Amino acid sequence: MPELPEVETTRRGLVPFVVNQRIATAIVRNHSLRLPVPRSLPRLVAGATIAAVGRRGKYLLFDCGPGTLILHLGMSGRLWIVDHGTPPEPHDHFDLVLDSGTVVRLRDPRRFGLVLWGNGDPLRHTLLAGIGPEPFDAAFNGDWLYRVTRNRTAAIKLVLMDGHVVAGIGNIYANEALFHAGVNPRQAAQRMGPGRCDLLADKIRETLELAIGAGGSSLRDYVGSDGVAGSFQSQFMVYDRAGEPCHRCGTPIKGIRQGQRSTFYCPRCQR
DNA sequence: CGCCAGGCCTGCACGC
DNA sequence: TGCGTGCAGGCCTGGC
């Protein structure tokens, strides 16, 4: 599901509908997400005005003044805008009802998502405190990547997907960024030299930027909050292309398993 | 039927 | 004894 580009697309789609809007109430139809939705949530958000919608990694942060509504879309979560009175469908677990008559609705069939409340600085919340630098932050660069990969014997792809190393990169964009950097996903992280770390950091940013520009990738469940499907999947170079010819050199794309996840790469372009 | 799917936390075993 | 590390398992539904 949604990785950084999809969450960022969602965030941008929500902003015009929710910023400076007052929350009338919240409706929790199913408390059993990856962690229980707090029983007190409706009481906490009712009457608050949403000052901003932020993002940290794949977490969405609704700034409600003294506290923050924290949402994570998990694997199959989708957040979008419906009119007040729109009947909920199966897996519509959570509504944020605004005074304006707009409803922010969470649908998440697999229920790996999260709806939480954070008091004070949301970045100090246990689940957010340890997240690595944002890819578009100055703190994320080749130097950082070089530093955090020292002594890491794990494959570079697994390290990229570790949220403590860099925020927001999941399976799709790890695969895609490694292709664009010409790095073999099985490469031991510690064997990446400074030059390759620089290149990889650049390609991560580039890949994510392009995906955000395309409104993210629409696979299975994901559609942007404006209801418009993203189109970046048409630009996938390797993801889900096992056996198909590399767009650059024609060599069949390889599909392997790493850490119980699917990896795709071009054995010729990625060394 | 079994396997796979965009995430990520926890717990365990291991080596230093 | 403690740490970093790296796996496996778990949470769920739906599609093939």
Side-chain angles (χ1 to χ4, degrees), chain A residues 1-11 29-37 55-60 70-79 89-94 106-116 125-132 147-178 185-186 188-190 204 207-208 211-212 214-225 229-243 255-264:
Chain A
M1 113 44 46
E3 301 183 32
L4 188 150
E6 290 74 36
V7 177
E8 178 61 20
T9 299
T10 298
R11 189 193 71 77
R29 296 187 194 83
N30 190 342
H31 287 264
S32 129
L33 301 187
R34 183 154 61 86
L35 295 173
V37 179
R55 179 188 55 75
R56 180 79 176 95
K58 297 168 192 162
Y59 290 88
L60 284 167
I70 303 171
L71 270 90
H72 193 287
L73 302 178
M75 292 276 257
S76 60
R78 169 185 165 190
L79 202 54
E89 290 183 32
H91 312 304
D92 286 346
H93 308 307
F94 178 79
L106 173 71
R107 179 175 303 171
D108 183 7
R110 293 178 70 183
R111 285 192 273 136
F112 287 2
L114 296 171
V115 177
L116 300 169
H125 190 283
T126 332
L127 295 178
L128 282 82
I131 300 178
R147 192 150 66 78
V148 296
T149 50
R150 291 317 86 191
N151 303 322
R152 291 203 66 166
T153 53
I156 184 64
K157 191 214 174 200
L158 298 178
V159 174
L160 284 190
M161 290 179 64
D162 179 350
H164 304 272
V165 169
V166 53
I169 301 185
N171 201 28
I172 291 179
Y173 296 103
N175 278 299
E176 292 298 305
L178 286 165
R186 293 188 295 193
Q190 62 184 353
I204 287 169
T207 305
L208 295 175
I212 293 169
S217 307
S218 300
L219 299 181
R220 301 175 183 90
D221 312 288
Y222 180 74
V223 179
S225 49
S231 65
F232 189 72
Q233 68 276 13
S234 67
Q235 297 177 56
F236 287 166
M237 298 298 278
V238 290
Y239 182 76
D240 207 20
R241 297 195 62 241
I256 61 170
R257 301 286 293 176
Q258 286 183 295
Q260 302 159 229
R261 309 298 297 274
S262 296
T263 294
F264 305 93

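The structure displayed is predicted, hence computed values, not measured ones.
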For DNA chain C, produce a single dot-bracket line, 5' to 3'. Pairs: Watson-Crick or G-U wobble, both distances under 3.5 Å. Symbols: ( ) within strand, [ ] crossing, | other strand, . unpaired. .||||||||||.||||
Expressed as a whole number of Å, how far does the P atom of B/dC4 sit from that of C/dA8?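 Nearest-Å result for B/dC4 against C/dA8 at atom P: 14 Å.
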Just to be sure I understand the rule, does [X] reach a base, reach only the sugar-phosphate, or reach nothing, if contact means heavy atoms closer than 4.0 Å?
X        : answer
A/Leu127 : sugar-phosphate
A/Phe232 : nothing
A/Arg257 : sugar-phosphate

Output yes when a side-chain donor or acceptor of [X] lies under 3.5 Å from a complementary backbone atom of [Y], and no otherwise.
X        : Y        : result
A/Arg152 : A/Val148 : no
A/Glu176 : A/Phe236 : no
A/Arg111 : A/His93  : no
A/Asn175 : A/Phe264 : yes
A/His31  : A/Val37  : yes
A/Gln258 : A/Pro185 : yes
A/Glu3   : A/Lys58  : no

Over how many whole Å does the gap from [X] atom [atom1] to [N] atom [atom2] extend?
X        : N     : atom1 : atom2 : answer
A/His164 : C/dC3 : NE2   : P     : 17 Å
A/Ile156 : C/dT5 : CD1   : P     : 14 Å
A/Asn151 : C/dG4 : CG    : C1'   : 10 Å
A/Asp162 : B/dC9 : CG    : C1'   : 12 Å

If you round to the nearest 0.5 Å, how far is CZ of A/Arg107 from CZ of A/Arg78?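 Here the rounded value is 6.0 Å.
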Out of curiosity, A/Phe232 CZ to A/Thr207 OG1, how far, rounded to the nearest 0.5 Å?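 Nearest 0.5 Å value for the CZ-OG1 distance: 6.0 Å.
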Grab the N/O contacts between the protein and nucleotides 9-16 of chain C below 3.5 Å, and write none if there aren't any.
residue : atom : partner  : partner atom : Å
C/dC12  : O3'  : A/Arg111 : NH2          : 3.1
C/dC12  : O2   : A/Arg110 : NE           : 3.2
C/dT13  : OP1  : A/Arg111 : NH2          : 3.2
C/dT13  : O4'  : A/Pro109 : O            : 3.3
C/dT13  : O3'  : A/His91  : NE2          : 3.3
C/dG14  : OP1  : A/His91  : NE2          : 2.7

